[in-house]
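Because the structure is a prediction, the values reported are computed rather than measured.
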Amino acid sequence: MPLAARRGVALVDLLVALTLFALVGLIMVRATVAAERAVRALQGSASLHAAFDAGIGYLDSELAELGAGAEPDLFRAAADSLSYRAIRGSGLACVVGPTEVLLSIDRFVASRLPQPGRDSLLMFLTADSLGATGVGWTAAPITDVGRSSCRGGPALRLGIIVDTAAAPVASGPALVPVKIFEIMQARLYNSQGERWLGARSESAGESVQPLTGPFTSASAFAYRDSLGLLTGTPSLVRTVELTLAGRYPDWAGVTPPRSDSVHSVLRPRNLWR
């Protein structure tokens, strides 16, 4: 075969092609790594902000019904925790006495049924309520829960213990506003080198359970009175502030890791009445 008719690739052409393939491969690898970093950065940001939203949303819901007064619903106001009455239901009692209360089911709204030993009851007693002497909201532990009826409709029967010396109540029919509550604690605590937001039922003697996180040590509660001044006295608190700070996942070995924070101001409407 004549030399001119032979077909093939010169060594120089082969080296140029291999070099181009290597450059294209390197560009593709770098583009893939950059895209992966961008996706992971978005995932880390979304995860951290979801933790922020979960913590703020929980406390906003839990503290919405906090009230002030002679016996405020907020019992403890510390930088790392707060204890409070968490309302689990409300309605009208059709029969009230020192040992039991009948709640009209048609006028009772609750997130769950009352639980003896865990929940307590608040009754709004006035001078017109069965001889009570205008004592206002009176708390009583719930000892048992059963079924009954009153005013021709179904009712929940709640066994209670009332201090009749402080709230003299005579048994009889009445329409009395009632709230069901338990004592809860929201707490920022450290575990495995991270800071978490957790909650527990003090009434039930529970241990703290994690709600959301992890955060950093910069996360804390703060409280302000009606003048906007910082206070640690529960009866003076009108505004609850929550600061949550956290780091993005350190997947890229960045030093120091990126961080972010959020500051939320919670204003329970009943604290201002």
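- The line from OG of S120 to CD1 of I180 is 8.5 Å long, rounded to the nearest 0.5 Å.
- For R200, the CZ atom sits in a packed shell: over 12 heavy atoms of surrounding residues, nucleotides or ligands are nearer than 6.0 Å.
- Of the inter-residue distances, the one linking R118 atom CZ with I183 atom CD1 reads 11.5 Å to the nearest 0.5 angstrom.
- Closest heavy-atom contact between W137 and P177: CZ3-O, 3.7 Å.
- Here the OG1 atom belonging to T99 is positioned 10.0 Å from the CD1 atom belonging to I161, to the nearest 0.5 angstrom.
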* Worked verdict on L156 versus L113 for side-chain contact (heavy atoms from CB on, under 4.5 Å) -> CA-CA 9 Å; L156 280 177; L113 288 175; 4.2 Å; yes
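- Taking hydrophobic clusters as Ile, Leu, Val, Met, Phe, Trp and Tyr residues chained together by side-chain heavy-atom distances below 4.5 Å, I105 shares a cluster with L158.
- For the residue pair A93 and V178, the shortest heavy atom distance occurs at CB-CG2, 3.7 Å.
- We find the CD-CZ distance between Q185 and F75 to be 12.5 Å, quoted to the nearest 0.5 Å.
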All N/O donor-acceptor pairs, side-chain side in residues 219-233, below 3.5 Å, sequence neighbours left out:
| from | atom 1 | to | atom 2 | distance (Å) |
| --- | --- | --- | --- | --- |
| S219 | OG | T216 | O | 3.1 |
| S219 | OG | A245 | N | 3.0 |
| S219 | OG | A245 | O | 3.4 |
| Y223 | OH | A78 | N | 3.4 |
| Y223 | OH | A78 | O | 2.7 |
| Y223 | OH | S81 | O | 3.1 |
| R224 | NE | E241 | OE2 | 2.7 |
| R224 | NH1 | G228 | O | 2.9 |
| D225 | OD1 | L227 | N | 2.9 |
| D225 | OD1 | G228 | N | 3.1 |
| D225 | OD1 | L229 | N | 2.9 |
| T231 | OG1 | T233 | N | 3.1 |

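- Side chain of D60 to backbone of I56: no donor-acceptor contact under 3.5 angstrom is found.
- Nearest heavy-atom pair, A77 versus P234, reported as atom, atom and distance to 0.1 Å: N-CG, 4.2 Å.
- Taking hydrophobic clusters as Ile, Leu, Val, Met, Phe, Trp and Tyr residues chained together by side-chain heavy-atom distances below 4.5 Å, L236 does not share a cluster with V240.
- Taking the side chain as every heavy atom from C-beta outward, V176 and L92 never approach each other to under 4.5 Å.
- Under the 4.5 Å side-chain heavy-atom criterion for Ile, Leu, Val, Met, Phe, Trp and Tyr, I160 and V145 are members of the same hydrophobic cluster.
- Two residues are said to be in side-chain contact when any heavy atoms from C-beta on lie closer than 4.5 Å; L188 and W196 fail this criterion.
- For R195, the side chain to side chain donor-acceptor pair (under 3.5 Å) test picks out N190, with sequence neighbours left out.
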* **Steps toward side-chain contact (heavy atoms from CB on, under 4.5 Å) verdict (L103, V101)** => CA-CA 6 Å; L103 287 180; V101 167; 4.2 Å; yes
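- Contact of the E62 side chain with the Y84 side chain is registered, since non-hydrogen atoms from C-beta on lie closer than 4.5 Å.
- A salt bridge links R157 with D144: at least one charged nitrogen is closer than 4.0 Å to a carboxylate oxygen.
- Side-chain contact between P154 and S149 is absent, with no heavy atoms from C-beta onward closer than 4.5 Å.
- For the atom pair F52 CZ and T243 OG1, the distance stands at 10.0 Å (nearest 0.5 Å).
- Heavy-atom minimum distance, A155 versus L102: CB-CB, 4.4 Å.
- Within a 6.0 Å sphere centred on CZ of R147, other residues, nucleotides and ligands contribute 12 heavy atoms or fewer.
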* Apply side-chain contact (heavy atoms from CB on, under 4.5 Å) to R88 and E182, showing your working. => CA-CA 7 Å; R88 300 304 183 221; E182 64 178 315; 2.8 Å; yes
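- Side chains of R269 and E65 form a contact here, defined as non-hydrogen atoms less than 4.5 Å apart.
- Within the 4.5 Å cutoff, the side chain of E202 has no heavy atoms near those of the M184 side chain.
- Closest approach of R85 and L122 over heavy atoms only: CD-CD1, 4.0 Å.
- At least one donor-acceptor pair closer than 3.5 Å links the side chain of D73 to the backbone N or O of G67.
- Judged by distance alone, with hydrogens and angles left aside, the side-chain atoms of S201 form no donor-acceptor pair with the main-chain N or O of E206 at under 3.5 Å.
- Rounding to the nearest 0.5 Å gives a distance of 4.5 Å between CD of Q209 and OG of S207.
- Within the 4.5 Å cutoff, side-chain heavy atoms of P210 are placed close to those of Y189.
- Shown here for S104 and C94, the closest heavy-atom pair between the two residues is N-SG, 4.1 Å.
- A 4.5 Å side-chain heavy-atom check between P114 and D119 finds at least one atom pair inside the cut-off.
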* R187 vs R76, side-chain contact (heavy atoms from CB on, under 4.5 Å): CA-CA, chis, key distance, verdict -> CA-CA 11 Å; R187 180 180 169 192; R76 172 183 166 86; over 6 Å; no
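- Note on V262 and L197: same hydrophobic cluster, where clusters join Ile, Leu, Val, Met, Phe, Trp and Tyr whose side-chain heavy atoms are under 4.5 Å apart, directly or indirectly.
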